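All remarks here apply to the structure that follows.
Just so it is clear, the structure is predicted and the values come from calculations on it, not from any experiment. Naming convention: chains lettered A, B, ... in sequence-line order (proteins, then strands); numbering from 1 in each chain.
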Amino acid sequence: MKVVCVAEKNSIAKQVATILSGGNFHTRNSLDKYIKNYDFRCNQFPFTSANSNFYVEVTMTSVKGHISSLGFEGSEDRGGPYSWGNCDPIELYSAPVINSFNFRNVIQSIYKECRDADYLMIWTDCDREGEYIGWEIYMAANYGTNNWNIRMNTTTTAGQPKFNESNTFRAIFSHLERSHIINATRNPKKLDQKSIDAVSARMEIDLRAGLSFTRFLTNFFQNNKLVDAKVVVSYGPCQFPTLGFVVDRDDRIEKFVPENFWYLEISIKRDNTDGGQIKLQWKRGHLFDRLIVYTIYEHCVETGGATAKVTNIVSKPTSKYRPLPLTTVELQKNCAKFFKMSAKRSLDAAEYLYQKGFLSYPRTETDIFPQTMDLKALVEQQKNDVRFRNYASNLLSEDYETSTGNKFSWPRQGSHDDKAHPPIHPIASCSTENLTADQKTVYEYVTRHFLACCSQDAKGHQTSIEVQWATEFFKTTGITVLARNFLEIYPYISWKSTAELPELHMGDTVDLLDTDMKSGSTSAPQPMTESELILLMDANGIGTDATIADHIEKIKGREYIRPEKSGKQTYLRSTKLGKALVHGFEEIGLEDSFAKPFLRREMENDLKLICSGNKFKRAVVQDMVERYLNYYNITQINKRTLLSVFNRFNG
DNA sequence: GCAAGGTC
């Protein structure tokens, strides 16, 4: 009896094969150089009678991501009826779409391995895209490349497919810990058609909307000589909201008018010995009316004199929390913030380190470590690295006499679990010799982040004092850091003791060394940093952990935005073209759909409803395509507006 | 020459 298992990528296939074979497998090449076949025997599959010691022949192999793509019928060979230039873009809203396989070698390999198999088991990542890739594998196993183009869900091949409901299974796993993988092997489930539908809905909507608007915008801008002949002016349902965030920030900077404000400030003696003083902040913050602040100030001076009364003292322990387990988005945000590294650079470096086996899979949304993972063993690994040796030893030390008290502590749990990958962590300690500067930086950051996750929170003590001067209240807070703990290995953030506060009691009268009415003015927002942009995209559901960096690079490449250095900081600024596009669509009334994240978020929401069985794919696709068609018609009617807005920004 | 999503 033979089982063929197919994972989403070679690294997973290899690791699962290692676990299920106990390391005893034979490696064969496939037709693709990145994909291997791993042959072994295993007695964990439940495809037999009650005999639990029944061994089956297993070939574990993989694909490398998606193996098919959606396109318009007849356009895979150039010159098809729906290729660029051969039809009015509006036809793309009704043109038949077709799912065609690419990666011929990968598909033939799967088909070949499956020829003599009795069972097919899908081991793709347990997320939406993984489910769809599972379906692609199922199609490849049944049809190979014989049926090169397959209309969605309708196959023309006669007869029963070799693999069907009864002999096709899906392994459910979220990480690669041994007992978890064995459990997944013993309890196979079925592919989830709802997730497959959700992905195919996303594909069709993005294809129709993206290609129709891109062709229209490019032709229109080129024909009117707004851009050079070879420049593509693309529209994408992720590109535009991303651009919208940057343009919005630049607009707010441009429109900003500083406003003056006034506030009160008082200071008291730090203690009885030296002359140091502590400033207390007005509880009203600041007010924008000078006369009112002046009146209050006068009143306080007259009735309060030079003394105030202590109205509240709160003294309590406080902590600075260690970071949450590391996700892709957090990695990109922090590398941008701490090291001024673009999202693409940090992900590329992490990708390389993953390929080399130094880091875990770098594309994950999960910020919870599975309880079954042996994190202490991973900390132990870092004793091999001079940079982390002492810290790791201390963390694991059982000897309270010599240790610092910063003991290993199971990481905090976030609230995200993509059910596919654990948080990013170091797998092996790595010598830095053959790494680029970026790779070194990213490895060190991930390791420090991981060790910080496994440490104790920093501990401190916080005292707040509130005093009343006539009618007004003022306060200040002081912090004493008692134990730095995780901060020792995580130098990227600081937490310092503030000046010590005087020892006071409720009801005490204190002398005011100084009272003052001060003024200031509000300042303009800073331009967008890449770190902020990633945060906004993530929070608004624009793109995924794996594609956020791509979208930013894409709109840089289209010259909608451009990086601009200012001192140490690099900002992302919108170009004239970028502003013209956002404001053009704004002026024809499509701002919310095109330059804001709402439409994408709505679609993401619909996809979730498909996954939960509360909406049908057909209804979602129909609805969204109709809406885009409507936007397309509105744009056609108002295209002169796009032109005049462009000229306004480039005049 | 076009989208977004996987992965190399």
Using only side-chain N and O atoms of [X], determine if any of them is under 4.0 Å from OP1 or OP2 of [N].
X         : N      : result
Thr218(A) : dG1(B) : no
Arg363(A) : dT7(B) : yes
Arg600(A) : dG5(B) : yes
Tyr361(A) : dT7(B) : yes
Lys554(A) : dC2(B) : no
Thr214(A) : dG1(B) : no
Lys64(A)  : dC8(B) : no
Arg558(A) : dA3(B) : yes

[X], nearest nucleotide to its side chain (from [options]):
X         : options                : answer
Leu211(A) : dG1(B), dC2(B), dG5(B) : dC2(B)
Gln222(A) : dG1(B), dC2(B), dG5(B) : dG1(B)
Gln355(A) : dG1(B), dC8(B), dG5(B) : dC8(B)
Ser234(A) : dT7(B), dC2(B), dC8(B) : dC2(B)
Pro237(A) : dA3(B), dC2(B), dC8(B) : dA3(B)
His66(A)  : dC8(B), dA4(B), dG6(B) : dG6(B)

Can you confirm if the NZ or CZ of Lys639(A) lies within 45° of the ring axis of Phe216(A) and under 6.0 Å from the centre of its six-membered ring? no

Are Lys189(A) and Phe169(A) in a cation-pi contact, defined as NZ or CZ under 6.0 Å from the six-membered ring centre and within 45° of the axis? no

Side-chain heavy-atom pair Leu331(A), Thr327(A) within 4.5 angstrom cut-off: no

With a 4.5 Å cut-off on side-chain heavy atoms, are Lys554(A) and Gln239(A) touching? yes

How close or far is atom [atom2] of [N] from atom [atom1] of [X], stated in whole angstroms?
X         : N      : atom1 : atom2 : result
Phe72(A)  : dA3(B) : CZ    : P     : 12 Å
Trp84(A)  : dA3(B) : CH2   : P     : 8 Å
Asp418(A) : dG5(B) : CG    : C1'   : 15 Å
Tyr132(A) : dA4(B) : OH    : P     : 17 Å
Leu347(A) : dT7(B) : CG    : P     : 10 Å
Ile196(A) : dG5(B) : CD1   : C1'   : 15 Å
Tyr354(A) : dC8(B) : OH    : P     : 5 Å
Glu553(A) : dA4(B) : CD    : P     : 14 Å

Would you classify Gly85(A) as touching base, sugar-phosphate or nothing, given that sugar-phosphate means primed atoms plus P, OP1 and OP2, and contacts are heavy atoms under 4.0 Å? nothing

Nearest heavy atom decides the nucleotide; on that basis, is Val63(A) or Ala229(A) closer to the 5' end of DNA chain B? Ala229(A)

Donor-acceptor pair, side chain of Thr575(A) and main chain of Glu559(A), under 3.5 angstrom: yes

Taking Lys344(A) first and then Glu530(A), would you say they form a salt bridge - that is, a charged N and a carboxylate O separated by under 4.0 Å? no

